[in-house]
Amino acid sequence: MKAILKYTIFILLSIAVITSISPTITFANTEESASKIRITEWQLHPGNDEDNKIPPADGWITVKENEKEPVLPKGTSSMWVKIQLPAEFDSHAGLLVNKAYAQNVFAYINGSMVYESIRDHYYDVNKFVIPLDGPTNETLYIHLVNETGNIGINGFVFGDYTNLYRNMVLQDLPDIILGAAFIFVAAIMFFCMIFLKKVHVSGWKSLSLIILSLGCLLILYSPFLYSVYEEYGFLFATGTDLSINVLFPALFFFLETIFGKGKFALVRIIKYYAMSLITLSTIGLGINIATDNAYYSIYYLVTTTLFAIGVIGGGIIFVGLLVIHSLKKQKDAIIVSIGFGIFILLAVFDMFKYYAASRNYEFLYWKWGIVCFILSLVITLGRQIVLSFEKVVTYSKQLEIFNNELQRSEKMDMISQLAASVAHEVRNPLQVTRGFLQLLEEKSISNKEKNYMVLAINELDRASEIITDFLTFAKPQLEHVTLLNIANEFKHIGSMLIPLANLQGGKLKLNIPDHLQIQGNSSKFKQAFINMIKNSIEALEGDGEIEIKGYREDNRVVVQIKDNGIGMTESELAKLGEPYYSNKTKGTGLGLMVTFSIIEVMQGNIVFKSSKGIGTEVYISFPAA
């Protein structure tokens, strides 16, 4: 899944670089280049007479390129444009109109129509080339009609018709490529959704819909399709409406997935508003298609108004959400804020250049902004999936540890109950038997019989020690808790175990400061550490050394026991403290069980570290007194 996210980001960046290089109008050779003429002056005449196909005689307003356009009278729905064509030109010439805002466009020379474009929808951005096969020094009249009131024209280039048409198509091609790339990425994401877990599907699906709808918008809102495939304009306009309807709720579905429903459930409220708007728009669109656009003006007005309200309200909530979460230093909010901020800055920069160039400017950088915003959403979703995966791994490890602890606890509980019941029932008969064996030993005449009696008594004593360990494990409560000085306790322990270590050929070093104190029971404390130190002594091979250090760490007293004995493997370490597990041939495993129980009752922790053939380290910590 991480690889898919990386490929998605790589594709988006690559396409953004390609599409940012906007082609300019060029010609194949010097002759063609020389024939290109930019029209820098024309005349306008506003009007409202849609059916009049005869240009007015007077009242024309002269307009020059790069000058501010004149303000048209309120309610202007049609406009005439008069252009004086060059004195001489070859056949197959044409006039490129870079941008015209109108639903219907008509062009006339000497009263004859040379170009016509009639639209049955409200997409009013036009880019076209008018064919000019006629005499010289003619005047071209262009009649624009737009019921929406948004009317205007600029950007005239005269030259070879074929080259102008080709370059007009190339100018809009980057938008088509970028949109197609978005749709391709969305298709890949939809396919990859089958490999996702259910918890990730919602965010992934909403992001896929965002990318898909943006890709469709880039393609369907480009003048390219309406210029080349004019007869399908209504389908393109319908697709644009549907894409906008999908984009709005998909964005807030995604935000709810990443940031939650928000304060007062505002994110969820705007999401439901967007869903209601989709339903209403789809129903209205269906009615208009069925009635041949009889109610399109009403549909357009209502949906545009509701959409504008949703965009304003949703935009305020969206920005507020990003600000609140960014102030809390939430990384996802910061990432989305950066992407959205870049989009806003580039869009504003495009708008600035548009008005600085007297609206004779093709918007370019906003596409980079969209790519950056989409990348921020992809990165955010990727982080969510990765973090979710890491949480699952962490929870799995914790669950495994918990299960091991639970199994150990159950084993210990079972052994405790068994120990408590068996010890009381067996100990008394053993004492009675030992007493009779001592009497028999005293009355025995034969040395052989006495040896048998001594051996039997020793084995009974060994069994009694095991029962004592059972009882200590079953009832590890501390009867007498006092303030223990660790250094004093280890002096007694050392006096008992240093001779034993010397007999094994090893050395026992004590390094315990005098100021370390804990709360506990002295006899239980000694019992626990004697068990562990004896294990270290028995693990020595020939000359060896056992070092015992004590120190304070935060609010705890730590005792470290380190030896350079035979060590243990990871599997052996994992079994330490289990009933009846021991590395010694005659061991029962009860010693460490008792040690663990004592340390646990004294609110201590114990950690083993060991490597086979290198040695073992034990860290035991208690709350400092």
Side-chain angles (χ1 to χ4, degrees), residues 1-19 174-220 239-240 242-261 267-268 271 274-275 278 318 322 325 330-340 342-343 367-396:
M1 193 55 61
K2 288 183 181 179
I4 294 170
L5 290 169
K6 289 179 181 177
Y7 290 141
T8 301
I9 293 171
F10 174 76
I11 291 171
L12 289 174
L13 283 174
S14 301
I15 298 299
V17 171
I18 294 170
T19 55
D175 292 343
I176 306 299
I177 296 173
L178 182 60
F182 275 20
I183 294 173
F184 176 69
V185 169
I188 293 176
M189 292 179 68
F190 275 118
F191 174 76
C192 295
M193 204 157 52
I194 61 177
F195 303 107
L196 290 175
K197 293 183 178 179
K198 190 175 180 179
V199 68
H200 299 136
V201 168
S202 177
W204 191 271
K205 186 192 300 180
S206 56
L207 181 57
S208 302
L209 287 173
I210 291 171
I211 297 175
L212 176 64
S213 56
L214 281 173
C216 292
L217 279 174
L218 284 167
I219 293 175
L220 297 175
T240 302
L242 291 175
S243 300
I244 293 173
N245 289 343
V246 171
L247 175 62
F248 190 37
L251 179 60
F252 281 91
F253 264 103
F254 182 81
L255 291 177
E256 186 180 24
T257 302
I258 301 299
F259 301 114
K261 60 183 181 180
V267 176
R268 182 163 294 179
K271 181 186 75 173
M275 292 296 296
I278 278 186
F318 177 58
L322 292 181
H325 286 277
Q330 187 175 343
K331 290 185 178 179
D332 292 332
I334 293 171
I335 292 169
V336 176
S337 298
I338 292 172
F340 186 67
I342 292 173
F343 168 67
K367 291 178 285 187
W368 275 97
I370 287 181
V371 172
C372 290
F373 181 56
I374 292 297
L375 284 177
S376 69
L377 298 183
V378 171
I379 292 169
T380 301
L381 182 62
R383 285 190 74 257
Q384 290 284 321
I385 293 175
V386 171
L387 290 175
S388 178
F389 176 75
E390 290 176 353
K391 284 181 182 178
V392 170
V393 172
T394 303
Y395 291 156
S396 298

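The model shown is predicted, which means the values in this text are computed figures rather than measured ones.
Between L212 and I183, the closest side-chain pair of non-hydrogen atoms falls below 4.5 Å. Counting only heavy atoms from C-beta outward, the side chains of D332 and R383 approach each other to under 4.5 Å. Under the 4.5 Å side-chain criterion, counting only non-hydrogen atoms from C-beta, L375 is in contact with V371. Using a 4.5 Å cut-off on side-chain heavy atoms (C-beta onward), F343 and I370 make contact.
Of all heavy-atom pairs between I342 and C372, the closest is CG2-SG, 3.7 Å. Of all heavy-atom pairs between A186 and S208, the closest is CB-O, 3.6 Å. Between F182 and G215, the shortest heavy-atom contact is CB-CA, 3.5 Å.
Residues satisfying the ring pair (Phe, Tyr, Trp, His ring centres under 6.0 Å) test with F190, not counting sequence neighbours, are none. In terms of the ring pair (Phe, Tyr, Trp, His ring centres under 6.0 Å) criterion, residue partners of F318 (sequence neighbours excluded) are, by chain and number, F340.
Atom CG of L209 and atom CE of M189 lie 9.5 Å apart (nearest 0.5 Å). In this structure, CG in L387 is found 10.0 Å from OG1 in T394, a value given to the nearest 0.5 Å. Rounding to the nearest 0.5 Å places CD1 of I188 at 13.5 Å from CE of M193. N245 CG to T240 OG1: the interatomic distance, rounded to the nearest 0.5 Å, is 10.5 Å. Atom NZ in K331 sits 13.0 Å away from atom CD1 in I379 (nearest 0.5 Å). Going from atom CG of L207 over to atom CG of L381 covers 5.5 Å, rounded to the nearest 0.5 Å.
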- Task: Verify side-chain contact (heavy atoms from CB on, under 4.5 Å) between L377 and I211, making sure each step is shown before the conclusion.
- Result: CA-CA 10 Å; L377 298 183; I211 297 175; over 6 Å; no
* Can I219 and D175 be said to form a side-chain contact (heavy atoms from CB on, under 4.5 Å), step by step? -> CA-CA 6 Å; I219 293 175; D175 292 343; over 6 Å; no
Only distances under 3.5 Å count here; give the side-chain donor-acceptor pairs of residues 246-259 to other protein atoms, sequence neighbours excluded, each with its distance to 0.1 Å.
residue, atom, partner, partner atom, Å
E256, OE1, K271, NZ, 2.6
E256, OE2, R268, NE, 2.6
E256, OE2, R268, NH2, 2.7
T257, OG1, F253, O, 2.9

